[in-house]
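Worksheet for the structure shown next.
Both counts, for ligands and for their atoms, begin at 1 and track the order of listing.
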Amino acid sequence: MELKHVLSADQFTRKDLDHIMSRSADMEDILNKGGSKLCNGSILGALFYEPSTRTRLSFETAMLRLGGNVVSETDVTFSSQTKGEVLEDTIRMVGGYADVIAIRTKTKGQAGIAAEYSPVPILNGGDGAGEHPTQSLLDLYTIIKHHKIGSEPLQVSFVGDLKYGRTVHSLSKVLRHYEGIELSFVAPEVIQMPEEYRKSGDKISYELTDEILQTADVIYDTRMQQERFEDQKMFRKVRDAFIFTPENVGLMKPAATLMHPLPRVNEIKQSVDTLSQAKYFEQAQNGVPVRMALIAEVLGK
Ligand code: NCD
């Protein structure tokens, strides 16, 4: 497969997804053997203009485990953008220093703009309330590890802030490539899944019912994105809409998985972490092999 940039989940065909999943599994083997020198001499530029722990660190870890190096900018207040430099100029410059750029921006669509000006591949690490395509690939990798995706029916319920949460936008697109997946969107009306990500046949629910908990194979919970709400009163109204506790997670099938891109705030109690359904820390860990695969692919290695 030829992969130039990773900007949106729209760009992947089913064949691409199969290839990236198998390359990620190979990278996991390489990681377990201590890493490789595949990207020896290559540099990753990490430009993160919104808070990040997992995405930036797993991108950086991925490059280091491939034998490459990293330069990063993590706070816009220390960036020349504070002096008025436009993103296009920053990208042209960093593209002259690094061989690949992972970028997180505050505004939807900015990763695409970066790609227009970049001499090197751009990996979208989240563009505002838009998309988070590399996260959707590690989410898919995690689901494949625990479920027979594509060959039997799979009920996937997205729960939480589906309007501003970018991870569910990308993951819904990726999952539509597989037969037998039924998507349900569980959120208060004001933060329901935007129309552009919906398809006929999707189920919409405003409450997290016992039936959803009992029938879901995958529950993908998300954080209420306080920073993206225009109306903070509205945020306070919905912030505690759904809380996962050992009691309600106990209603889930033993083989079901509870996922979350993290960070969680109060939507999953820490007492849930030890239950067999809780897979969110493993999910975060999968970011390293999947991002190793993406870096190797865009660098043509
Ligand atoms: C998410 C993000 O930044 O979109 N985190 C992540 O990348 N793992 C989710 C969030 O911030 O709630």
| Has Glu282 got more than 12 heavy atoms of other residues, nucleotides or ligands less than 6.0 Å from its CD? | yes
| N/O to N/O below 3.5 Å, does that happen between Pro263 and ligand 1? | no
| message | Just to verify, which of Ile181, Leu138, Thr257, Leu154 counts as forming a side-chain contact (heavy atoms from CB on, under 4.5 Å) with Ile143? | response | Leu154
| task | Below 4.0 angstrom from a heavy atom of Thr55, which ligand 1 atoms are there? Numbered from 1 as shown, please. | result | 6 (C), 7 (O)
| message | Between Asp89 and Arg92, does any NZ, NE, NH1 or NH2 come within less than 4.0 Å of an OD or OE carboxylate oxygen? | response | yes
| note | for atom 8 (N) of ligand 1, nearest protein heavy atom and its distance come out as Pro261 O, 2.9 Å
| Do Asp16 and Thr13 have side-chain atoms, one donor and one acceptor, less than 3.5 Å apart? | yes
| message | Under a 4.0 Å threshold between the charged nitrogen and the carboxylate oxygen, would Glu131 count as salt-bridged to Lys173? | response | yes
| query | At a 4.0 Å threshold, what atoms of ligand 1 neighbour a non-hydrogen atom of Leu262? | reply | 1 (C), 5 (N), 6 (C), 8 (N), 9 (C)
| message | List ligand 1 atoms under 4.0 Å from His132, heavy atoms only on the residue side. | response | 2 (C), 4 (O), 6 (C), 7 (O)
| query | Could an N or O of ligand 1 be found under 3.5 Å from any N or O of Thr167, whether backbone or side chain? | reply | no
| Tyr49 and Gln110 side chains, donor-acceptor separation under 3.5 Å | no
| note | ligand 1 atoms nearer than 4.0 angstrom to some heavy atom of Arg104 are 2 (C), 3 (O), 7 (O)
| message | Applying a heavy-atom cut-off of 4.0 Å, say which part of Gln225 lies close to ligand 1: side chain, backbone, both or neither. | response | side chain
| query | Do Thr55 and Arg104 have side-chain atoms, one donor and one acceptor, less than 3.5 Å apart? | reply | yes
| field | From Arg223, Arg166, Gln283 - option closest to atom 3 (O) of ligand 1 by heavy atom | value | Arg166
